[in-house]
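Every chain is numbered from 1, with letters handed out A, B, ... down the list of sequences.
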Amino acid sequence: MTAEGFSDTTVRALAHELKYPLVEIARHAELIADKQAAGEIQSTAEQTLRLIDSYLLCAQAEYGQLALEPVTAGSALYDVSMRLRNIEMPIVIDDRAHAPVMTHSGALTACLELCARTLVSSVGVTSVRLKSFNDRSGRIGIGVLVDANIQQDDFTQAIMRAGKSHMPLARVASRGQVSLTVADTLSKAIGSSLQVKKLGKLHGFITYLPKSEQMALF
Amino acid sequence: MRILIIEPDRKLATVLEKSFKQAGFAVQLAHDGQTAVSKADDQRPNAVLCELALPGQNGVAFLQEFRSYQDWLDVPVFVYSQIPCEDTGLSARGWHKLGVHKYLYKPTTRLKDLHYAINQSLTNYETA
């Protein structure tokens, strides 16, 4: 086994191992009488668990192990909204595509969740819009948009530096930098890439995916 | 309603035991497959909640053994595991053959959702 291989195996094993204490914390919190405190503990533990799962998916993706399948855009957006339920701000699902895409469900939802959390932790947004739409080239755009006046250049720089820097959103974010790199890797693993998008007054990240002809027949 | 919980993580096992008792279940607790078989032998459970990552014998091997006993063929089994379903290598048909009613991934399944899934599944099972 090479040093690189050992390191990868160890990191993956460590990631799995970390899930044990976090599940203990999250489930134990549900039995605490102070519901507000319990909710905070629980959501932090669960968010960390999902982060670990996203990193593991990212590791799988680098070995080309993600199988694509038809997934409806609406169900993917709903899954993302459920993952974001602890962010304490309105989440709007705006599913205009009404169509299935070829993707890996876990990778897509993890990618969008990471983007949303990075945006929420970056700037003072008051709501999150999860959007899907048909674009002119016949693909479906799925993404996360926020109601903040963010400079386009921040995101452009972030995408350019994703994977090359530990702080791709350094100018606006105090945390979530690695998350954006992971999101970008997951997006590439499902045959797309994260793109900066401005729709009206909203800004955010969009990933473009091919329609699933297979499921569209139904 | 008696539930046999097979959970190797002792702290989590205590949490599960407490929550199921609060929900009105009688709980039998085991930390490995062999203890689970002897507990089920003492008192037949109405349902089994099982982690797959067990010490000694893995969860799938335990379920195969559990199902090999005629008396327990119709006991509904729920997998509550740290391992994502897609990483187990078993298809939906494979789980069905083992008599697994639901596969619940621990990191994303809260206790209230776990109770709900089990209660709903048991109700449907009894009325069928």
Side-chain angles (χ1 to χ4, degrees), chain A residues 12-33 35 38-39 41-61 63 65-69 71 78-86 103-107 109-110 113, chain B residues 3 5-25 27 29 31-32 49-55 58-59 78-94 102-119:
Chain A
R12 284 210 235 182
L14 176 66
H16 277 296
E17 198 71 25
L18 277 171
K19 290 201 268 181
Y20 284 90
L22 286 165
V23 166
E24 279 173 18
I25 293 167
R27 299 298 154 252
H28 214 133
E30 287 185 67
L31 301 181
I32 295 174
K35 289 297 167 200
I41 296 167
Q42 190 181 357
S43 68
T44 304
E46 286 178 348
Q47 191 182 329
T48 315
L49 278 163
R50 285 198 300 275
L51 203 55
I52 291 170
D53 272 343
S54 303
Y55 294 160
L56 286 167
L57 263 179
C58 196
Q60 266 182 275
Y63 284 93
Q65 294 170 346
L66 296 186
L68 306 187
E69 59 182 357
V71 174
Y78 175 78
D79 287 347
V80 178
S81 75
M82 293 308 290
R83 283 165 169 248
L84 293 172
R85 61 188 166 189
N86 69 335
T103 187
H104 181 282
S105 178
T109 50
E113 182 196 3
Chain B
I3 187 163
I5 298 173
I6 309 153
E7 174 52 63
D9 181 332
R10 285 163 196 267
K11 281 187 189 167
L12 186 62
T14 310
V15 172
L16 292 172
E17 182 182 25
K18 198 172 170 185
S19 76
F20 274 94
K21 279 185 175 168
Q22 281 175 358
F25 284 82
V27 177
L29 204 57
H31 301 301
D32 59 74
L49 184 70
C50 178
E51 166 61 274
L52 293 179
L54 296 175
N58 77 44
F78 302 87
V79 171
Y80 185 54
S81 182
Q82 199 89 339
I83 304 167
C85 187
E86 56 272 22
D87 289 358
T88 60
L90 270 184
S91 64
R93 181 178 286 187
K102 270 196 181 359
Y103 193 110
L104 302 150
Y105 182 44
K106 261 185 202 165
T108 54
T109 308
R110 293 181 173 185
L111 295 176
K112 63 176 182 180
D113 300 327
L114 180 65
H115 292 161
Y116 179 77
I118 290 177
N119 279 326

Test item: A/Arg27 side-chain N/O and B/Thr109 main-chain N/O as donor-acceptor pair under 3.5 Å: yes

Taking only heavy atoms into account, what residues of residues 81-91 of chain B are found under 4.5 Å from chain A? B/Gln82, B/Pro84, B/Asp87

Is a side-chain donor or acceptor of A/Glu24 paired with a backbone partner of B/Lys11 at a separation under 3.5 angstrom? no

Spell out, as yes or no, whether a donor-acceptor pair under 3.5 Å connects the side chain of B/His31 to the backbone of B/Glu7. yes

Pairing of A/Arg50 and A/Glu113 as salt bridge, 4.0 angstrom limit: yes

Considering residues at least two apart in sequence or located in another chain, which fulfil the ring pair (Phe, Tyr, Trp, His ring centres under 6.0 Å) criterion with A/His16? none

Qualifying residue for side-chain contact (heavy atoms from CB on, under 4.5 Å) with B/Leu49, from B/Ile6, B/Leu114, B/Val27: B/Leu114

Return the option, out of A/Leu22, A/Asp53, A/Ile52, with the maximum number of heavy-atom pairs under 4.5 Å with chain B. A/Asp53

